[in-house]
Student: 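Got a structure for you, questions after.
The first residue in the sequence is number 1, and the count goes up from there. Being a predicted model, the structure only gives us computed values, none of them experimental.
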Amino acid sequence: MGIGELDREAHVPEGRPKGTAAGPRTLAEALRGRGDDGLAALLRARPDLLGPVPNDLTQLATRAGTRASVVRALERLDRFSLQVAEALAVAPDPAPYPVLLDLFTGGREEPETEAALPGAVALLREQALVWGEDDRLRLVRTARELLAPSPQHPSPTGLGPTVAEATAGMSPGRLQEIVAAAGLPSTHDPVSAVAALTGLFTDRERMGALLDTAPPEALAVLDRLVWGPPYGEVTARPTAPVGWLRDRGLLLPVSPRTMVLPREVALHLRGGRAHRAPEPRAPEVGVVRAYRPQVVDSAAAGQAYAAVATVEELLKSWDHGGPAVLRAGGLAVRELKRTAAALDVPEPVAAFWLELAYGAGLLASDGEADERYAPTPAYDDWLDQPPAERWARLAGAWLKATRTPGLVGGQDAKGRTLSALGPDLDRAAAPEVRHRVLALLATLPPGAAADPETLLARLRWERPTRGTTTARSTSAPAASVPAPGTDAGTTRAETGAAGPWASEAGAARGTGGTSAPRPAADLRERLARWALRDAELLGITGRGALSTAARALLNLPLDAPAGPAAEGGGVEPEVAAERAAELLEPLLPRPVDHVLLQADLTAVAPGPLLRPLADALAVLADVESKGGATVYRFTPGSVRRALDTGRSASDLHAFLAAHARTPVPQPLAYLIDDVARKHGHLRIGAASAYVRCDDDALLGEILADRRSAPLRLRRLAPTVLAAQTDPSSLLDGLRSMGYAPAAESAEGDVMISRADAHRTPPRTPPAPVPDGPPAPDATLLKAAVHAIRAGDHAATAVRKEPAVPVTTGGLPRTSAAETLATVQAAVMTGSAVWIGYVNAEGAASQRVIAPVRVEGGFVTGYDHTADEVRTYPLHRITGVAELADEEV
């Protein structure tokens, strides 16, 4: 929308006064009357207006009235503020405050609504959606176009067009027939006829008298349409009740088969209300159960430790290379199932842990030709941190991540399945929803668990239209007007109040209408439910209540409910994370340095083990069960695995003796000695592969075993067998037959199978997808307001009319001699002048400068527009004009 297209909201004709005592006459004038704090509040609430910084207040007003900006501002209104905007869209323009109040109260006393309405109007005015004094409230034109009713866009209020709008194009003769049928004196022109009908429909007494004469069936038709949709389909030969309403203008035709209920009639039937159920107060978040804060913190700490252990277990299993990356990106479904089985969790929870590790920068693809997932170098640094700090890093990554693991398994717009770690999982609203859910939990007393349904109701009130489509319905919804005696429940009704801001009134509740589906709004609710689930998994909440460590992480009060608008802030995230880790650390279980060995070849860890002990025991034994006490089982395979790393039987005996609080059971000692006695008796090398053994009888036993047939062995010498397979396959094949071979190098030395951990190159965590422009900080706001003020001063400065008024594109135009003389005179008098300037790129601008020096073809002066001293080449100045008022 360019300046040439602007109406009174943004443009003031040159030479016109900038306002009167009655109030501003344009949005630009209203913004000009604000203080710096008011402009900063507008830019803070609508940061999209800062890209780039407007040149002046007229450009700011223009940008604030563009469709994209207005749509974004409307999407971020709470339900009551949006209802106020919807009411202004159907009110007269301009609307006095008492008229707006009557649209909510219907002339009755409603203290709650009366108390909330001034705040909502102030919010709309602050965000430049409404301007003007209370006696002349105006909704910006774009917002009115979006919210006002028309045949193509039903209003969210469920109201239809006015009598004047509905009768536009109606023949004068038909208008006179309606006037006469309504009992009004005939008029001489259509304009006075429409005015007479409007006066009748807005007069309570006369309208009541007219409806008293209506047949009961006609009143039933009106009842069906009163709360919307206001359009009804009629047959080619309407019934008598519909004809009675049509003849008196209570229903007006918009097409041969469609009638509409005029707005004035609907407001009379509603008692003057624009909305069936105004919602001036935010729903309270209910409490399901209250726990002692210590109980909540203990439960959250236990889950936090489990979260850290789960991520560590997941990445340790991928230490030597994880699953392959799909060609389209992401993890295959079978690999997700395998990961879920390994972690003993459902697949959606496994997807959450994968995405959490990925978002924290601990997991990535290695970028090789055969691309696979693997831990990153940052994972090793993370392992070296204390558990509380590791948790704080995971929680911080979750709070700001836009990737949404809850979408895994669903489908995108093209019907393709969304995979874990794959593309198209980013949802820009996710961080905002998470923070708001936690902030609402923080408003409850410490230890109180919120009722999820009331919390979701509160979120719906705060952002009723978040994410809904901005596309308008292309056809007017209509309800079939029932014939006398027809049951309304059996009459077809279309959906009501389609469009981007469908409200409860437009949904025609109780009238046969149904609410139009809102998939994006449903996504916001799902994001909130996933946030509650993930917060519990991560230990941010315990038993549904916010933990003390989480309050510190969010920089919220620790021992008292936060305010209703709690969002955190005030300290750096790193400082908040350190504070949260300090509060969590005393609650985490202490690592132990011992295990309890049992005669059934198991070992019980009575708590989390120290890392070196846990790593060594994980090689020597297999984890059988997890929990508060982890159970490990010793098997021949696990002992052989330890021997493969280069340890001897004596090393294993010494290790167990050093870390067991109980004597080493005899069965375990026998198991170690038995596997060690056989380990390395056979030697595997490359022939393709060979087997050599000093015991030729053992080699004969292998050849005779039918299970060795796939290895295709043949004897080369009494102590050597050759195989037509690679050494690793031969090694695995003989082990599956129950032998314990050892690999050897080309020199005949035993090879120790201690593979180095596979790591990706250094990777940065995935960047969150921004949800619109970032919120400006105080420094940027101050600079932007200053620049806008300076530019507006230059644009609105009153200039003297030149002797020969010649302008080009709005810039002053003078000859080079005149320009030089005027600038030199300004230097001597110390006055300011208005110049036109074209920079090296050819961009033209106008500026107000106070010249201080003219020399060498350059003029140096204080630029009031930029608020700094600048130097301009004289040949780039298109012209100069004196200011009528030198107070700049």
Side-chain angles (χ1 to χ4, degrees), residues 78-80 82-83 112 116 277-304 307 346 348-349 352 395 398-399 404-406 427 429-467 503-504 507 509 515 518 520-554 556-568:
D78 60 65
R79 189 182 299 277
F80 186 62
L82 186 59
Q83 287 182 330
E112 194 173 75
E279 299 184 52
R281 187 176 64 178
E284 295 291 337
V285 178
V287 175
V288 174
R289 187 173 177 181
Y291 302 92
R292 288 186 300 109
Q294 296 82 355
V295 173
V296 171
D297 290 344
S298 297
Q303 191 57 45
V349 177
F352 166 73
W398 174 74
L399 283 173
T404 310
R427 296 297 181 269
E432 178 198 348
V433 173
R434 290 191 198 108
H435 278 274
R436 191 57 192 151
V437 165
L438 299 181
L440 289 175
L441 292 178
T443 61
L444 302 177
D451 176 12
E453 295 305 320
T454 60
L455 188 144
L456 293 174
R458 174 63 173 265
L459 289 174
R460 285 192 292 267
W461 185 90
E462 291 181 347
R463 293 287 174 83
T465 64
R466 181 72 175 120
S503 69
E504 75 293 328
R509 293 185 303 184
S515 299
R518 302 195 302 173
D522 176 63
L523 172 62
R524 184 177 176 85
E525 184 168 319
R526 287 189 292 154
L527 287 174
R529 292 186 184 275
W530 291 332
L532 289 171
R533 181 204 67 179
D534 297 347
E536 192 75 15
L537 284 173
L538 197 49
I540 288 180
T541 59
R543 301 192 179 185
L546 199 64
S547 69
T548 304
R551 289 175 182 267
L553 187 67
L554 298 168
L556 297 171
L558 301 184
D559 53 0
E567 291 291 348

Student: Work out which heavy atom in Arg543 is nearest to a heavy atom in Ala449; give both atom names and the distance.
Tutor: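 Scanning both residues completely, I find the closest heavy atoms to be O-CB, 3.4 Å.
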Student: So which atom in Pro348 and which in Arg533 form the shortest heavy-atom distance, rounded to 0.1 Å?
Tutor: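 So the minimum-distance heavy-atom pair works out to CB-NH1, 4.0 Å.
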Student: What are the two closest non-hydrogen atoms of Trp461 and Pro280, and how far apart are they?
Tutor: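 Heavy atoms of Trp461 and Pro280 come nearest at CZ2-O, 4.1 Å.
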Student: When you measure from the side chain of Ser547 to the backbone of Asp297, do you find a donor-acceptor pair of N or O atoms at a distance under 3.5 Å?
Tutor: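 Checking the backbone N and O of Asp297 against the side chain of Ser547, no donor-acceptor pair under 3.5 Å is found.
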Student: Could you measure the distance from the CZ atom of Arg427 to the CG atom of Leu527? Nearest 0.5 Å is fine.
Tutor: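 Reported value, rounded in 0.5 Å steps: 8.5 Å.
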Student: Decide yes or no for Leu438 and Leu399: does some side-chain heavy atom of the first lie under 4.5 Å from some side-chain heavy atom of the second?
Tutor: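 When only atoms from C-beta onward are counted, Leu399 and Leu438 do touch, with a gap below 4.5 Å.
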Student: Using the test side chain to side chain contact (heavy atoms under 4.5 Å, CB included), find all partners of Thr454 that sit at least two apart in sequence or belong to another chain.
Tutor: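 Partners of Thr454 by the side chain to side chain contact (heavy atoms under 4.5 Å, CB included) criterion, ordered by chain and then number, come out as Val285, Asp451.
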Student: Is any side-chain heavy atom of Glu536 less than 4.5 Å from a side-chain heavy atom of Gln303?
Tutor: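 In short, these two side chains do not touch, never coming nearer than 4.5 Å.
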Student: Would you give the length of the straight line joining atom CG of Leu554 to atom CD1 of Ile540, rounded to the nearest 0.5 angstrom?
Tutor: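 It is 7.0 Å, given to the nearest 0.5 Å.
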Student: Can you name the side chain to side chain contact (heavy atoms under 4.5 Å, CB included) partners of Leu459, sequence neighbours left out?
Tutor: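 For Leu459, the residues satisfying side chain to side chain contact (heavy atoms under 4.5 Å, CB included) (neighbours in sequence not counted) are Arg436, Val437, Leu440, Leu455, Leu456, Glu462, Ala528.
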Student: Testing the basics here: between Arg434 and Ala531, what is the closest heavy-atom pair and its distance to 0.1 Å?
Tutor: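 Here Arg434 and Ala531 meet closest at CG-CB, 4.0 Å.
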Student: List in chain and number order the residues that pass side chain to side chain contact (heavy atoms under 4.5 Å, CB included) with Pro293, two or more places apart in sequence or in another chain; answer none if no residue qualifies.
Tutor: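 Only Pro446 meet the side chain to side chain contact (heavy atoms under 4.5 Å, CB included) criterion with Pro293.
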Student: What I want to find out is whether Glu453 reaches Arg529 closely enough, with some N-O distance under 4.0 Å, to be called a salt bridge.
Tutor: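 A salt bridge is present here (some side-chain N lies under 4.0 Å from a carboxylate O).
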Student: Given 3.5 Å as the limit, does a donor-acceptor pair link the side chain of Arg524 with the main chain of Val433, or not?
Tutor: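 Judged by distance alone, no pair lies under 3.5 Å.
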Student: Could you walk me through whether Arg79 and Arg460 pass side-chain contact (heavy atoms from CB on, under 4.5 Å), step by step?
Tutor: CA-CA 8 Å; Arg79 189 182 299 277; Arg460 285 192 292 267; 4.1 Å; yes
Student: Side chains of Arg463 and Glu432: does their closest heavy-atom pair fall under 4.5 Å?
Tutor: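 A side-chain contact exists here, since the closest heavy-atom pair is under 4.5 Å.
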Student: What I'd like to find out is whether the side chain of Glu279 reaches to under 4.5 Å of the side chain of Pro464, using heavy atoms alone.
Tutor: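 A side-chain contact under 4.5 Å is absent here.
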Student: Looking only at heavy atoms, what is the nearest atom pair of Pro405 and Phe352, with distance?
Tutor: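 Scanning both residues completely, I find the closest heavy atoms to be CB-CA, 3.8 Å.
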Student: How close do Ala299 and Gly542 get, counting heavy atoms only, and between which atoms?
Tutor: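 Closest approach of Ala299 to Gly542: CB-CA, 4.2 Å.
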Student: Does Leu441 reach the side chain of Leu532, with side-chain heavy atoms less than 4.5 Å apart?
Tutor: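 Yes - at least one pair of side-chain heavy atoms lies under 4.5 Å apart.
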Student: Is the CD atom of Glu284 crowded by more than 12 outside heavy atoms at less than 6.0 Å?
Tutor: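 Open.
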